[in-house]
Amino acid sequence: MSGTVLIVDDSLTVRMDLTEAFEAAGFRPIPCVGVAEAREALTRGLVDLVILDVLLPDGDGIEFLKEIRESASTQAAPVIVLSTEAEVKDRIRGLQRGADEYVGKPYDSGYLVAKAREFLRARRSSAAGSKTVLVIDDSATLRDELTKALEPAGYIVLTAASGEEGLQVAADQRPDAVVVDGILPGIDGATVIRRVRLDAALRGIPCLLLTASEDKGSELRALDAGADAFVRKEEGAAVILARLAAVLRGAASTKPAEDTASLLGPKKILAVDDSMTYLQELADALRGEGYDVILAHSGEEAIELLAVQSVDCILLDLLMPGLGGQETCRRIKATQIVRDVPLIMLTAMEDRKAMIQGLGAGADDYISKSSEFEVLKARLRAQIRRKQFEDENRRVREELLLKEMEASEARAARELAETRTALVVELERKNKELEAFSYSVSHDLRAPLRSIDGFSQILLKDCANMLDAKGMHHLQRVRAAAQRMGELIDDLLQLSRVGREDLSRGHVNLSGIARIVATELGRNEPERAVEFDIPDELVVDADSRLMKVALENLLGNAWKFTSKIASAKIAFGAEQRDAGTVYFVRDNGAGFDMEYADKLFSPFQRLHRDADFPGTGIGLATVYRIFDRHGGRVWAEGAVGKGATFYFTISSARLGGLHDS
Amino acid sequence: MIRSHLILLVEDNPDDAELTLRAFKESKTLSAIVVATDGEQALDYLFATGSYANRDPKITPDVVLLDLKLPKVDGLGVLQRMRANSRTRRLPVVVLTSSNEETDILRSYDLGANSFVQKPVDFAQFLIAARQLGLYWLGLNEPPPVTRRI
């Protein structure tokens, strides 16, 4: 494996040592004394990896790291910070500024070379194609800002304004990473991440949580929910970008094949103890074994560090001021992303009770400080190996489980599809049956009626001299009943047709239709004088045939119920209301009692005696169905003896009913 | 010169057949009406086959009044066979049926019907319809030349 490695360190010893080590490993090292020289080297050519000291003669390494992360040509390069600064806060600062690794001095050059190899391999495996990042934030400004920062860096950016929307997008688009705001209007960021982790298909997606507060509690909760990292919003887009690149690299480096090999790879140990002397002693012993050791002086520091740095094993002193070993252990074991890291409790006390307490808090092993370091190292190796086997086992189990889940999902999908097909077939069969029934009604039910009416009339004509007035009257009643039944059949057929036929929408001139209907009504009863008021050009987007049926019914009703009024008036028109245009048909006829207004539109409901106003009671049910299918509605207002007004609305085609084709 | 007209009425319902005959009689249309009670009989008559094998096939009706719902071969089947045969291809066909289903109307015209009339339930209306059909198809309408004869 080859690659260009920029080594920035003011110590000649370090530069020589690392140059030699990297050269021997097949890399092309470029040693630099300080920031100016490194900057100069970066302008000359592309660099694959940077080893960076913090305290440099001409500047701060972490500030230079920021520069590296903000430049398009270097922002993707892994950076290993190499520092004498043993303070945990320095380490956190470096990692948050976008360092991929923070190695303390004295270092082990073998460890550095191994880490560099791991990073470059991870980068190569993840470099195929650009990464898709989903940004979930309710602030449009922040979404824009992040999009503007991410897109030039080669990311494809998806955005969502809420957690719910974000989860939907994640399920649909399967992004490579998710950046989510902690505080959201609906479900919060931690919940979003938890749901991502619960979803078999999404759980591997790295998640970055944005927090606004300095509240460490919220950050820990987010990590507990499964976030891979968090960034405070005020740190800005560049830092977010750097952390995002790091989690993506992290995600790529935990691919199964590479994990399997990593038993022999560099291991990072976090040692937590309030005694500086013991820590240094421990660190020296472990570094000699090729481990990278991070030192923390308290439980609080350890927890803060674990939020940004993953480690392979934790050595934790039981007796410490502040949080204390037992409580620190309990908290670590309660946090999802670090709970599986082997934790070995250290104590000076040869105390059985203390040991039980430590193990009770979740420690994986327990060692007395007075033991030889050789014993500690052996225990450490054992724990790391155990973790390794567990990981492998878990991976095998997960793979099996995943396959099982996929199989059962496929089975469920197939069953669903089969059920749906069966339902569609059943529905089509029912529809065919209904159509056959309607056809039969239309054809077969009419024929006998024609016979009843026809032969009654022939009887009246041919045998008039044999029938008395009473006989004639009875025959007339027979004829009237046959005709009424004919009307009922026609109306029922129309009601059924209005419900099942496809809508074909277009521009419909309601005024024109109203005029035609008014003319037809006048032609049928030329003796009536009715004043029609119909305005010009009321145009809607609707099915013209159904509009004709609706207006025939509404205007026909108005015509019928004004039959006993001397100066009948029927008005058709439109009003503009807040909700949109409302059309109406108004008459000054018999009216109705508002108490029964809700009954008007049910089939066979009549508010008048047939002797007063004949009818089948189906017309308004048909009208109701027509406007319902147009996504509108119809309602009526009136009073007995004071006329009636029928209102209706029609919504545009886009919002129309489900039946629309 | 008074022309004698011939109508073929294809109707399976004896009541409807009788009412139709009565309606044409009352409308004073001078015509002979042949009634076929199913589609097969109608085709036998038109093509002088089966029970009508001895009939002179040159004598064709002026108009066919065709019901749609018929036993054996239905109305649309009859229409299709008529339009496929050179002798009856241009013969005027009026579909006279109880149905006013859109699909029936469309398919009738698609298969070459010349007119579609729904039989009214009201006999008074039916009389008017019969008179108008007689006036139009036997009087006003000019039939295709091959069907013309004294």
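Chain letters run A, B, ... following the sequence lines, proteins first and then strands; every chain starts at 1.
At a 4.5 Å heavy-atom cutoff, the contact between B:Asp122 and chain A is made by backbone and side-chain atoms alike. When heavy atoms are compared at a cutoff of 4.5 Å, B:Ala23 does not approach chain A at all.
Residues A:Ala447 and B:Asn13 come closest through the heavy atom pair CB-ND2, 3.7 Å.
Atom NZ of A:Lys564 has more than 12 neighbouring heavy atoms from other residues, nucleotides or ligands inside a 6.0 Å radius. The environment of A:Arg477 atom CZ is sparse: at most 12 non-hydrogen atoms of other residues, nucleotides or ligands sit within 6.0 angstrom. For B:Arg107, the CZ atom sits in a loose shell: 12 or fewer heavy atoms of surrounding residues, nucleotides or ligands are nearer than 6.0 Å. Annotation: B:Asn54, atom CG; neighbour count of heavy atoms from other residues, nucleotides and ligands within 6.0 Å does not exceed 12. In A:Arg420, the CZ atom is not crowded: 12 or fewer heavy atoms of neighbouring residues, nucleotides or ligands sit closer than 6.0 Å. For A:Phe437, the CZ atom counts as loosely surrounded, since its 6.0 Å shell holds 12 or fewer non-hydrogen atoms of other residues, nucleotides or ligands.
The CZ atom of B:Phe123 sits 10.5 Å away from atom CZ of A:Arg450, with the distance rounded to the nearest 0.5 Å.
Counted by atom type alone, B:Ser99 and A:Arg446 present zero donor-acceptor pairs between their side chains at under 3.5 Å.
With a 4.5 Å cut-off on side-chain heavy atoms, B:Glu102 and A:Arg497 do not count as touching. Annotation: side chain of A:Asp453 is not in contact with side chain of B:Phe126 (no heavy-atom distance under 4.5 Å). Looking at A:Ile452 and B:Val121, their side chains never come closer than 4.5 Å, going by heavy atoms from C-beta outward. Contact of the B:Arg22 side chain with the A:Gln457 side chain is not registered, since no non-hydrogen atoms from C-beta on lie closer than 4.5 Å.
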Criterion side-chain contact (heavy atoms from CB on, under 4.5 Å) on A:Gln483 and B:Gln125, from CA distance to verdict: CA-CA 11 Å; A:Gln483 275 165 30; B:Gln125 301 282 329; over 6 Å; no
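Taking chain B as the reference chain and counting heavy-atom pairs below 4.5 Å, the highest number among A:Asp490, A:Asp462, A:Leu445, A:Leu493 is found for A:Asp462. Counting heavy-atom pairs under 4.5 Å between each of A:Gly486, A:Ser451, A:Pro448 and chain B puts A:Ser451 at the top.
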